[in-house]
K.L.:
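I have a structure here, written as structure tokens, and I will follow up with some questions on it.
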Amino acid sequence: MGPDDDRRMRILATVDAIPRGRVASYGQVAAEAGLPGRARLVGRLLRELPAGSRLPWHRVVRSDGSIAGRGDGEAMTEQRRRLVREGVTLEGRGRVPRERFWRGC
DNA sequence: CGTTTGACCGAAA
DNA sequence: GTTTCGGCCAAAC
């Protein structure tokens, strides 16, 4: 088990700790996992999650509250659906309001 | 090997 | 509001 696995584990544990009905940004998750400035690593990790993962990956959004991904994309639609299902409303151009971010922002 | 590419971010223009 | 840029760095090419 290398240091890479350790980092991944902490990131996944952090995502897993995001409360239901709230969201966190990629950078927030990275910082919380002790890896400030490594937001992209979080994104890459979540992208590579197996289809049936139990992790609440849908609670991770961009720092401005928008859903990550380009134009189309299954993951985007699925993420919106999951968020709405647990009470997270998307305002304006599909952005999650600041108040819903984990521990302010 | 070198280069490009991101489920990103914050500041600057 | 927007695009650009430097920072980040593992995987894909």
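Letters A, B, ... mirror the listed sequences (proteins, then strands); counts begin at 1.
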K.L.:
Nearest 0.5 Å, what's the CH2-CD1 distance between A/W57 and A/I18?
P.N.:
12.0 Å
K.L.:
Could you name each residue pair satisfying salt bridge (charged side-chain N to carboxylate O under 4.0 Å, His left out) that touches residues 43-64 of chain A, not counting sequence neighbours?
P.N.:
A/D16-A/R54, A/R59-A/E86
K.L.:
Which residues pass the side-chain contact (heavy atoms from CB on, under 4.5 Å) test with A/L35, sequence neighbours left out?
P.N.:
A/R7, A/R10, A/I11, A/R38, A/L41
K.L.:
Of all of residues 39-51 of chain A, which get a heavy atom below 4.0 angstrom from DNA chain C, listed by number?
P.N.:
A/R40, A/R44
K.L.:
Check the distance between B/dC8's P and A/F101's CZ and give it to me in whole angstrom.
P.N.:
13 Å
K.L.:
In sequence, state the C-alpha distance, the side-chain angles, and the governing distance for A/W102 and A/V60, and then conclude on side-chain contact (heavy atoms from CB on, under 4.5 Å).
P.N.:
CA-CA 10 Å; A/W102 196 21; A/V60 184; over 6 Å; no
K.L.:
Rounded to whole Å, please give me the gap between CZ in A/R95 and C1' in B/dA7.
P.N.:
18 Å
K.L.:
Considering only heavy atoms, which members of residues 29-38 of chain A lie under 4.0 Å from some atom of DNA chain C?
P.N.:
A/G37, A/R38
K.L.:
So, OP1 or OP2 of B/dC8: does either fall under 4.0 Å of a side-chain N or O from A/S25?
P.N.:
no
K.L.:
Can you name the residues that form a side chain to side chain donor-acceptor pair (under 3.5 Å) with A/R82, not counting sequence neighbours?
P.N.:
A/E78
K.L.:
For A/D5, which residues count as a salt bridge (charged side-chain N to carboxylate O under 4.0 Å, His left out) partner, sequence neighbours excluded?
P.N.:
none
K.L.:
Only counting residues at least two apart or in another chain, list the ones meeting salt bridge (charged side-chain N to carboxylate O under 4.0 Å, His left out) with A/R40.
P.N.:
none
K.L.:
Quick one: A/I11 CD1 to B/dA7 C1', roughly how many Å, whole number?
P.N.:
13 Å
K.L.:
State whether A/R100 and A/E91 are salt-bridged, where the test is any N-O pair (Lys NZ or Arg NE/NH1/NH2 against Asp/Glu carboxylate O) under 4.0 Å.
P.N.:
no
K.L.:
Just so I know, are the side chains of A/V29 and A/L46 near enough to count as touching, which here means a heavy-atom distance under 4.5 Å?
P.N.:
no
K.L.:
Output the distance between atom CG (A/L83) and atom OG1 (A/T89), rounded to the nearest 0.5 Å.
P.N.:
10.0 Å
K.L.:
Could you work out the separation of B/dA7 and C/dG7 based on their P atoms and round it to a whole Å?
P.N.:
22 Å
K.L.:
I want to check something: taking the side chain as every heavy atom from C-beta on, are A/H58 and A/P56 in contact at a cut-off of under 4.5 Å?
P.N.:
yes
K.L.:
What integer distance in Å separates A/R59:CZ from B/dA7:C1'?
P.N.:
17 Å
K.L.:
I want to check something: taking the side chain as every heavy atom from C-beta on, are A/F101 and A/R22 in contact at a cut-off of under 4.5 Å?
P.N.:
no
K.L.:
I'd like to check the side chain to side chain donor-acceptor pair (under 3.5 Å) partners of A/Q79; sequence neighbours left out, ordered by chain and number.
P.N.:
none
K.L.:
Between protein and nucleic acid, restricted to nucleotides 11-13 of chain B and to nitrogen or oxygen atoms under 3.5 Å apart, what atom pairs and distances do you find?
P.N.:
none

K.L.:
Roughly how far apart, to the nearest Å, are C/dC8 and B/dC1 at atom P?
P.N.:
22 Å
K.L.:
Extract, from 5' to 3' on DNA chain C, the first and final nucleotides lying under 4.0 angstrom from some heavy atom of chain A.
P.N.:
C/dG7 to C/dA10
K.L.:
Side-chain contact, heavy-atom cut-off 4.5 Å: A/L90 with A/R80?
P.N.:
yes
K.L.:
Can you tell me which stems DNA chain C forms when a stem means 3 or more consecutive Watson-Crick or G-U pairs under 3.5 Å?
P.N.:
B:2-6 with C:9-13, B:8-13 with C:2-7
K.L.:
I'd like to check the salt bridge (charged side-chain N to carboxylate O under 4.0 Å, His left out) partners of A/R93; sequence neighbours left out, ordered by chain and number.
P.N.:
none
K.L.:
Is any side-chain heavy atom of A/Y26 closer than 4.5 Å to a side-chain heavy atom of A/S63?
P.N.:
no
